[in-house]
J.: 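What follows is a single structure, and I will ask about it in a moment.
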Amino acid sequence: MLTVEAILKDDSDIAEPFLEQLKDIYADMDMAYTRASNHYGFECRGCIDNCCRTLFYHHTLLEYLYLIKGWADLSKAQQTATADIAASVCRQLPAALAGPEPVHFMCPLNLEGRCLLYTRRPMICRLHGIPHELHPPGRPFHHGKGCGAFTAQCGTKAYFKFDRTPYYTRMARLEKELRQALGFFEKIKMTVARMIRERSCDGS
């Protein structure tokens, strides 16, 4: 069965047209997020509940390939630094998940408060923080509240419609097309730390 590692080593660039389309989806996400955050006057200045410290799982091959291709272009020193942090997070995560407290580890790509791969950050990193709605087919409507920093700054302001559904739908459609083109059908559930760890351990 085709593996993610085999796809990353493949020189045929089958995935490249799909990653170019992903860039367009990301750009649309960013514009929608900016419109909403400007409406509220919300500015992320960092907080104790930093989204870069939140345990996010990512489920698309698209996001994995796009992020890791960017990671491969970092300097060797940056790759080593982020790989060391990723390995440490992955070692500590099982015990943390078994404990009673929420799990918080800083993302390995956050060095000195800045994301090394900001333009390649996954979907949830782009959409997190402000109130939103989601209309999943066949499931109940979901309304999500903003993060703690948003609530402190803008919690009394009226809701500005921010519907994540179109972006999830486009991502799902593109993901399906990519997987069919590659013949890859495994499920993915990975943190950014695990993505980096597995790529660095691969030795590429």
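Note that the coordinates shown come from a computational prediction; the quantities given were computed from them, not determined experimentally. Numbering starts at 1 and runs along the sequence shown.
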J.: Please name the pair of heavy atoms, one in Cys115 and one in Tyr118, separated by the smallest distance, quoted to 0.1 Å.
T.: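 Distance-wise, the nearest heavy atoms are SG-N, 3.4 Å.
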J.: Does the ring centre of Tyr66 sit less than 6.0 Å away from the ring centre of Tyr26?
T.: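 Between Tyr66 and Tyr26, which both carry aromatic rings, the centre distance is below 6.0 Å.
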J.: Under 4.5 Å between side-chain heavy atoms, hopping through other hydrophobics if needed: is there a path connecting Leu116 to Met106?
T.: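 Shared cluster, no.
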J.: Any chance you could measure Cys51, atom SG, to Leu127, atom CG, to the nearest 0.5 Å?
T.: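 Result: 11.0 Å between the selected atoms.
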J.: Using the test ring-ring contact (aromatic ring centres under 6.0 Å, His included), find all partners of His59 that sit at least two apart in sequence or belong to another chain.
T.: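 ring-ring contact (aromatic ring centres under 6.0 Å, His included) check on His59 returns nothing, list empty.
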J.: Quick one: does Tyr168's side chain get under 4.5 Å of Met123's, heavy atoms only?
T.: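 Yes - at least one pair of side-chain heavy atoms lies under 4.5 Å apart.
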J.: Could you pull out all residues at least two apart from Thr165 that satisfy side chain to side chain contact (heavy atoms under 4.5 Å, CB included)?
T.: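 Scan of Thr165 (side chain to side chain contact (heavy atoms under 4.5 Å, CB included), adjacent residues dropped) gives Leu134, His135, Asp163, Thr169.
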J.: Give, for atom CG of Leu93 and atom CZ of Arg197, the distance between the pair rounded to the nearest 0.5 Å.
T.: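 Here the interatomic distance stands at 10.0 Å.
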J.: Quick one: closest heavy-atom pair of Gln153 and Gly41, and the distance?
T.: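 Minimum heavy-atom separation between Gln153 and Gly41: OE1-O, 4.2 Å.
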J.: Tell me, do Cys154 and Phe160 make a side-chain contact under 4.5 Å, heavy atoms counted?
T.: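 Cys154 does not reach Phe160 side chain to side chain.
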J.: Under the side-chain hydrogen bond (donor to acceptor under 3.5 Å, both in side chains) test, which residues partner Ser88, sequence neighbours left out?
T.: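 So Ser88 forms a side-chain hydrogen bond (donor to acceptor under 3.5 Å, both in side chains) with Gln92.
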J.: Heavy-atom distance under 4.5 Å between the side chains of Arg179 and Ile188, does that happen here?
T.: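 Yes - at least one pair of side-chain heavy atoms lies under 4.5 Å apart.
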J.: Do the side chain of Gln79 and the main chain of Leu74 share a donor and acceptor less than 3.5 angstrom apart?
T.: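 Yes, the answer is positive, given that a donor and an acceptor are paired below the 3.5 Å cut-off.
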J.: Taking the side chain from His58 and the backbone from Thr191, do they hold a donor-acceptor pair closer than 3.5 Å?
T.: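 No; zero donor-acceptor contacts below 3.5 Å.
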J.: Counting only N and O atoms by type, is there a donor-acceptor contact under 3.5 Å from the side chain of Arg126 to the main-chain atoms of Arg121?
T.: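 Yes, because the side chain of Arg126 sits within donor-acceptor range (under 3.5 Å) of the backbone of Arg121.
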J.: Working to the nearest 0.5 Å, report the span between CD1 of Ile85 and CG of Leu109.
T.: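 It comes to 8.5 Å.
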J.: Between Glu16 and Lys69, is there a salt bridge with N-O shorter than 4.0 Å?
T.: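 The answer is yes: the pair qualifies as a salt bridge.
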J.: Pairs in or reaching into residues 86-113: which pass salt bridge (Lys or Arg N to Asp or Glu O under 4.0 Å), with residues at least two apart or in two chains?
T.: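 Not a single pair qualifies under salt bridge (Lys or Arg N to Asp or Glu O under 4.0 Å).
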J.: What is the distance from atom CD1 of Ile196 to atom SG of Cys201, rounded to the nearest 0.5 Å?
T.: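 The SG atom of Cys201 is 11.5 Å from CD1 of Ile196, to the nearest 0.5 Å.
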J.: How would you list, by chain and number, every residue that makes a side chain to side chain contact (heavy atoms under 4.5 Å, CB included) with Leu174, sequence neighbours excluded?
T.: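 Result, side chain to side chain contact (heavy atoms under 4.5 Å, CB included) vs Leu174: Phe18, Gln21, Leu22, Ile25, Leu62, Glu177.
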J.: Once you round to the nearest 0.5 Å, how far does CG of Leu55 lie from CZ of Phe105?
T.: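 The distance works out to 9.0 Å.
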J.: Ser200 versus Trp71: any side-chain heavy-atom pair under 4.5 Å?
T.: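 Ser200 reaches Trp71 side chain to side chain.
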J.: For the residue pair Leu117 and Val192, establish whether any side-chain heavy-atom pair is separated by less than 4.5 Å.
T.: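 Leu117 does not reach Val192 side chain to side chain.
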J.: Are side-chain heavy atoms of Arg164 and Met29 found at a separation under 4.5 Å?
T.: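 Of all side-chain heavy-atom pairs linking Met29 with Arg164, none is under 4.5 Å.
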J.: Tell me whether Tyr167 shares a hydrophobic cluster with Phe141, the cluster being built from Ile, Leu, Val, Met, Phe, Trp, Tyr side chains joined at under 4.5 Å.
T.: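 In one cluster: no.
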J.: Only counting residues at least two apart or in another chain, list the ones meeting side chain to side chain contact (heavy atoms under 4.5 Å, CB included) with Lys145.
T.: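 Lys145: no side chain to side chain contact (heavy atoms under 4.5 Å, CB included) contacts found.
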J.: Between Thr60 and Leu65, is there a side-chain heavy-atom distance shorter than 4.5 Å?
T.: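 Counting from C-beta outward, Leu65 and Thr60 never come under 4.5 Å.
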J.: Specify the closest pair of heavy atoms between Phe150 and Gly129, including all atoms of both residues, with the distance to one decimal.
T.: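 Smallest interatomic distance, heavy atoms only, reads CB-O, 3.3 Å.
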J.: Looking at Leu61 and Glu175, what are the two nearest heavy atoms and their distance?
T.: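 In this case the closest contact between Leu61 and Glu175 is N-OE2, 2.7 Å.
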J.: For Ala27, give me all partners under side chain to side chain contact (heavy atoms under 4.5 Å, CB included), at least two apart in sequence or on another chain.
T.: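 So Ala27 forms no side chain to side chain contact (heavy atoms under 4.5 Å, CB included) with any residue.
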J.: So do Phe56 and His128 actually touch side chain to side chain, heavy atoms under 4.5 Å?
T.: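 Counting from C-beta outward, His128 and Phe56 do come under 4.5 Å.
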J.: Does Lys189 make a cation-pi contact with Tyr57, if we ask for NZ or CZ under 6.0 Å from the ring centre and within 45° of the axis?
T.: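 So Lys189 does make the cation-pi contact.
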J.: Lys23: what forms a salt bridge (charged side-chain N to carboxylate O under 4.0 Å, His left out) with it, not counting sequence neighbours?
T.: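 By the salt bridge (charged side-chain N to carboxylate O under 4.0 Å, His left out) rule, Lys23 matches Glu20.
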J.: Could you grab the distance from atom SG of Cys52 to atom CG of Asn110, nearest 0.5 Å is fine?
T.: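 If I round to the nearest 0.5 Å, the distance is 4.5 Å.
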J.: Taking ring-ring contact (aromatic ring centres under 6.0 Å, His included) as the test, write out the residues that go with Tyr64, two or more places apart.
T.: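 ring-ring contact (aromatic ring centres under 6.0 Å, His included) check on Tyr64 returns nothing, list empty.
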J.: Output all residues satisfying salt bridge (charged side-chain N to carboxylate O under 4.0 Å, His left out) with Arg194, sequence neighbours left out; order by chain, then residue number.
T.: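 For Arg194, the residues satisfying salt bridge (charged side-chain N to carboxylate O under 4.0 Å, His left out) (neighbours in sequence not counted) are Glu198.
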J.: Run the salt bridge (charged side-chain N to carboxylate O under 4.0 Å, His left out) test against Glu133 and tell me which residues pass, sequence neighbours left out.
T.: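 In terms of salt bridge (charged side-chain N to carboxylate O under 4.0 Å, His left out), with neighbours along the sequence ignored, Glu133 is linked to Lys161.
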J.: Kindly write out the residues that satisfy salt bridge (charged side-chain N to carboxylate O under 4.0 Å, His left out) with Arg170, not counting sequence neighbours, or none if the list is empty.
T.: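 Partners of Arg170 under the salt bridge (charged side-chain N to carboxylate O under 4.0 Å, His left out) test: Asp28.
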J.: Once the angle between the rings of Tyr33 and Phe162 is folded into 0 to 90°, is it parallel (under 30°), tilted (30 to 60°) or perpendicular (over 60°)?
T.: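 Answer is perpendicular, since the angle exceeds 60°.
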J.: Over all heavy atoms of both residues, which pair between Ile130 and Ser37 is shortest? Give the atoms and the distance, please.
T.: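 Minimum heavy-atom separation between Ile130 and Ser37: CD1-N, 4.3 Å.
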J.: Parallel, tilted or perpendicular: which one describes the rings of Tyr159 and His143, with boundaries at 30° and 60°?
T.: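 Rings of Tyr159 and His143: perpendicular, over 60°.
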J.: I need the minimum non-hydrogen distance between Val103 and Ala96, along with the two atoms involved.
T.: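 Nearest heavy atoms, Val103 then Ala96: CG2-O, 3.6 Å.
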